[in-house]
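First up is the structure itself, then whatever we jot down about it.
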2 protein chains.
Amino acid sequence: MSESERKRRSSKPRQAKAPTIVDVAALAGVSMMTVSRVINSEQKVRQSTRDAVNAAIAKLNYAPNRAARSLAGASQLRLGLLYSNPSEAFLSAFVVGSLEEAGRSDVQIIVQKVEDGEDLGLAAKRMVAGGIHGVILPPPLNEANEVLRVLRQTDTPTVAVTTAVPHEGIATIMIDDRSAAREMTAHLIELGHRRIGFIVGHPELSASGARLEGYREALAEASIPFDEALVAQGYFTYRSGLDAAEELLSLEDQPSAIFASNDDMAAATVAIAHRRGLDVPGDLTVCGFDDVALATTIWPELTTIQQPIMEMSRRAVELLVTLLRNDRKDQIGDLRIEVDYKLVRRQSDAAPRRRPAMRPPVPSWG
Amino acid sequence: MSESERKRRSSKPRQAKAPTIVDVAALAGVSMMTVSRVINSEQKVRQSTRDAVNAAIAKLNYAPNRAARSLAGASQLRLGLLYSNPSEAFLSAFVVGSLEEAGRSDVQIIVQKVEDGEDLGLAAKRMVAGGIHGVILPPPLNEANEVLRVLRQTDTPTVAVTTAVPHEGIATIMIDDRSAAREMTAHLIELGHRRIGFIVGHPELSASGARLEGYREALAEASIPFDEALVAQGYFTYRSGLDAAEELLSLEDQPSAIFASNDDMAAATVAIAHRRGLDVPGDLTVCGFDDVALATTIWPELTTIQQPIMEMSRRAVELLVTLLRNDRKDQIGDLRIEVDYKLVRRQSDAAPRRRPAMRPPVPSWG
DNA sequence: GCTCATATCGATAACGCTAACATAACAGAA
DNA sequence: TTCTGTTATGTTAGCGTTATCGATATGAGC
């Protein structure tokens with residue numbers, strides 16, 4: 001066999017060629033079909049094989065070739081990500097997580113915002129009409145009935161992320177909010193706190209209730225009576241945290257610790273404490289929930305419950321892809337995926353200062 | 001129930017498949033290769049043949065399949081996006097922008113994170129080894145010498161986004177930091193401020209210097225003498241902003257406004273102001289730079305300079321694609337693209353409170 | 001007439017991937 | 001054991017286009 005001189009005039013002298021599915025297969029010691037299965041989240045692949053393939057993918061820095069894929073007939077999945085105005089810190093982590101997974105599985109994510117005052121149902125309809133195969137819902141839209149109704153009616157597979165109470169026909173990815181809040185509260189109790197303030201989250205979100213429950217449970221377990229006055233209503237916003245903290249710190253018998261239902265409100269609490277000349281954590285322990293970027297931006301950095309938001313949105317995409325590609329979208333309603341949270345201690349908590357026990361009320365100016 | 005008939009396996013109402021080059025060839029009575037030549041306006045086709053093919057194309061309403069084209073033709077472009085740990089908010093906007101453009105231009109984006117403590121040069125090498133045609137660099141990696149060195153050595157076309165001072169051989173997409181800072185400072189002056197504090201950013205990032213320059217220019221234009229004491233060093237972190245703000249507010253002759261080089265430090269300034277019992281903006285105007293999520297999370301929301309991040313990363317991809325597709329990658333080093341910033345006014349700025357010392361002479365009773 | 005160069009055009013092999021079918025591997029049932 | 005049925009993996013055949021090179025015409029020059 002004579003081989004022809006293939007020397008083409010190379011304008012690109014030494015450009016390594018992009019790794020293909022074959023390279024990955026060779027490295028992993030499997031056939032390319034198996035690699036294809038792994039990147040498409042198909043089911044019938046043994047875990048060990050899957051791991052080997054993923055390792056090879058990572059090592060080679062492989063990314064599937066879109067053109068080839070769509071040529072070969074793979075339908076391009078399109079997932080919608082509908083959001084309104086949650087904490088932006090939260091949203092960013094959320095979007096990054098889903099985009100990351102989307103790149104891997106080569107699905108398209110249509111990110112769409114519902115403006116304030118816009119009709120939610122309409123927005124959902126518009127999204128569905130755009131030819132979407134599935135929808136991912138971060139809070140607070142994941143508990144907005146108008147949205148959920150439309151998605152159910154149009155039979156659109158949907159994953160809600162971070163709802164504490166699952167809605168019918170809609171998959172849920174969550175942490176155990178109740179037990180996380182209980183753990184944090186127990187931690188504060190163990191530090192020696194007895195008067196622990198609590199700032200509740202938005203009343204319409206199920207996580208708020210779950211976290212409050214956890215707080216109460218921990219108190220009960222430690223036989224500390226529940227004091228209604230120590231609970232202030234918030235709405236998950238920094239602004240609402242300001243008011244709630246003000247309320248709690250104006251109590252005659254001030255709390256020595258405040259546990260806010262999210263980091264934004266915890267940050268606000270720190271701000272109020274400082275404004276009142278209180279040292280955190282010297283005079284007041286403050287902790288939050290979520291562990292968004294804000295928690296480590298401010299000083300002192302917040303002790304908080306880490307909710308793996310990126311991981312959760314990543315899983316949401318993965319879940320939808322798996323179900324849609326394996327034609328099992330009817331099973332979606334039953335799915336509840338719980339991921340692990342973690343209590344991360346930073347600088348905002350400490351044992352209470354030896355309290356001037358039962359000190360008489362300070363003269364108030366109110 | 002006689003619906004089984006209805007549900008019969010769908011017969012022929014097959015949706016008409018798009019005509020392919022073969023269909024055109026058949027209709028025109030030529031080979032598909034000739035059709036390909038006509039489509040690509042190559043020269044060596046007889047006019048009569050060309051006409052016949054064009055007629056067939058028109059009759060069939062044929063449009064070439066993009067995926068197939070890029071698969072068969074020039075290898076698909078792959079661009080790397082290397083990031084470390086910037087603000088997540090920044091990153092998500094950045095990623096969304098580039099992915100959007102990537103979809104449009106039919107290129108692949110390989111997103112890779114450099115973990116904390118990981119060797120930067122190595123990470124860059126790994127990326128290049130993956131057969132990448134170009135790299136996009138968000139901050140802070142776009143000024144990391146280890147990364148830039150590797151990219152230059154391997155002759156990898158690179159675009160840095162948001163560097164104020166271009167690095168040699170590397171294209172830059174930026175806003176005019178200097179003029180933005182000047183505009184903000186001028187805005188404060190116009191509000192009536194005369195003593196304006198400035199918190200400088202990290203000394204190793206070029207944007208810091210540019211912003212400081214802009215501040216000085218605006219002062220000069222308004223004939224306000226530059227006072228070294230009003231400039232405090234920061235490092236773009238909240239923590240450093242705390243210290244800097246403390247320094248500025250401890251001056252005997254306090255500033256009536258503080259302009260921080262980014263939003264994190266501006267937020268810290270607000271916190272310090274509150275701690276000192278100063279109302280923002282009543283007693284102190286504070287403004288920032290960047291318009292990240294934090295700017296609208298805290299209260300009052302920050303007046304700041306908005307950088308169009310999505311637009312910038314979109315342009316970065318567009319730029320690389322254009323250069324690579326047209327084989328002009330040697331020109332990349334000279335490119336500087338400037339996009340528009342915007343001063344967004346929110347609630348953290350106001351006219352200075354009239355200070356007794358500065359007031360025009362008051363009628364005395366002595 | 002013949003040989004060559006030149007224009008045209010066509011046959012075939014990639015390109016990287018997945019669908020569909022084929023086979024191996026490993027259970028459990030008979 | 002042998003059969004049967006899953007489950008996990010491999011093989012083959014395209015998807016619609018362009019590259020490459022070979023195959024025809026066409027025509028000039030001898």
Side-chain angles (χ1 to χ4, degrees), chain A residues 1-11 15 17-26 28-53 56-57 60 62-77 104-107 321 324-327, chain B residues 17-53 56-57 60 62-78 106-108 110 130-131 325:
Chain A
M1 319 296 172
S2 61
E3 79 237 37
S4 52
E5 171 100 347
R6 275 242 210 125
K7 188 76 175 180
R8 61 190 145 173
R9 140 192 20 183
S10 46
S11 53
Q15 181 65 65
K17 289 200 65 175
T20 75
I21 201 171
V22 179
D23 302 321
V24 176
V30 298
S31 81
M32 66 178 184
M33 203 51 228
T34 300
V35 176
S36 171
R37 292 195 173 99
V38 171
I39 58 186
N40 287 300
S41 320
E42 282 180 32
Q43 307 261 281
K44 317 277 191 78
V45 181
R46 194 187 327 222
Q47 187 58 45
S48 58
T49 314
R50 186 181 300 273
D51 293 342
V53 171
I57 288 176
L60 291 179
Y62 167 81
N65 181 320
R66 272 195 147 131
R69 250 185 164 170
S70 68
L71 226 208
S75 56
Q76 163 93 306
L77 282 183
R104 234 182 71 94
S105 315
D106 195 31
V107 290
V321 171
L324 290 170
R325 289 231 222 263
N326 293 293
D327 209 25
Chain B
K17 290 188 67 176
T20 76
I21 200 171
V22 180
D23 302 324
V24 176
L27 183 58
V30 297
S31 82
M32 64 179 187
M33 204 49 229
T34 301
V35 177
S36 173
R37 291 195 175 98
V38 172
I39 297 170
N40 293 292
S41 36
E42 282 178 31
Q43 299 304 305
K44 314 287 189 66
V45 180
R46 195 188 328 229
Q47 188 58 46
S48 59
T49 317
R50 187 184 301 276
D51 293 343
V53 170
I57 287 177
L60 290 179
Y62 165 82
N65 179 321
R66 258 178 76 171
R69 253 186 156 164
S70 71
L71 220 210
S75 60
Q76 192 176 23
L77 282 184
R78 310 171 79 226
D106 209 22
V107 266
Q108 279 176 265
I110 315 302
R325 291 243 163 94

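A quick note: this is a predicted structure, and the numbers were derived from the prediction, not measured. Throughout, protein chains are lettered first and strands after them, A, B, ... in sequence-line order, and every chain is numbered starting at 1.
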How many angstroms lie between atom CD1 of A:Ile57 and atom CZ of A:Arg50, to the nearest 0.5 angstrom? 10.0 Å
Using whole Å, report how far CZ of B:Arg69 lies from C1' of D:dA19. 14 Å
Whole-Å distance separating the CG atom of A:Leu71 from the C1' atom of C:dA14: 12 Å
Taking C:dT18, C:dG10, D:dG10 as options, the one with an atom nearest any side-chain atom of B:Arg37 is C:dG10
Measuring from atom OG1 of A:Thr34 to atom CD of A:Glu42, what distance do you get when rounded to the nearest 0.5 angstrom? 10.5 Å
Interatomic distance, B:Leu71 atom CG to A:Ser70 atom OG [nearest 0.5 angstrom]: 8.0 Å
Of the options D:dT17, D:dT9, C:dT18, whose atoms approach the side-chain atoms of A:Ile21 most closely? C:dT18
Quick one: pull up CG in A:Asn65 and OG1 in A:Thr20 and give me the separation to the nearest 0.5 Å. 9.5 Å
May I ask you to verify if any side-chain N or O of A:Thr20 is less than 4.0 angstrom from the OP1 or OP2 atom of C:dG16? no
A:Arg325 CZ - C:dT18 P separation (whole Å): 8 Å
Assuming nearest nucleotide by heavy-atom distance, tell me which of B:Ala68 and B:Arg50 is located more 5' along DNA chain C. B:Arg50
Does B:Thr34 place a side-chain N or O at less than 4.0 Å from the phosphate oxygens OP1/OP2 of C:dG10? yes
Atom pair distance, as rounded to whole Å: CD1 in A:Ile39 and P in C:dA19: 11 Å
If I compare all heavy atoms of B:Ile21 with all of B:Met32, which pair ends up nearest, and what's the gap? CD1-O, 3.5 Å
Side-chain touch B:Ile39/B:Arg69, heavy atoms, less than 4.5 angstrom: yes
Just how far, in rounded Å, is C1' of C:dA20 from CD of A:Glu42? 12 Å
Which heavy atom of B:Arg78 sits nearest a heavy atom of A:Pro19, and at what distance? NH1-CD, 3.7 Å
Tell me the closest heavy-atom pair linking B:Ala28 and B:Val53, and the distance in Å. CB-CA, 4.0 Å
Over its full length, what angle do the end axes of the helix from C:dG1-D:dC30 to C:dA30-D:dT1 make, each axis taken from five pairs and the result rounded to 10 degrees? 60°
Expressed in angstrom and rounded to an integer, what is the separation of B:Asp23 atom CG from D:dC15 atom P? 11 Å
Under 3.5 Å between N/O atoms: give me all the protein pairs with nucleotides 4-8 of chain D, atom names plus distance.
unit_1	atom_1	unit_2	atom_2	d
D:dA8	O3'	A:Arg46	NH2	3.2

Under 4.0 Å from OP1 or OP2 of C:dT18: is there any side-chain N or O of A:Ser36 that close? yes
Please report, rounded to the nearest Å, how far the P atom of C:dG16 is from the CG atom of B:Asn65. 16 Å
Given the structure, check if the side chain of A:Arg66 and the base of C:dG16 hold any donor-acceptor pair shorter than 3.5 Å. no
Residue from A:Val24, A:Val45, A:Val30 passing side-chain contact (heavy atoms from CB on, under 4.5 Å) with A:Val38: A:Val45
Measure the distance from CE on B:Met33 to P on C:dA14 and round it to the nearest whole Å. 15 Å
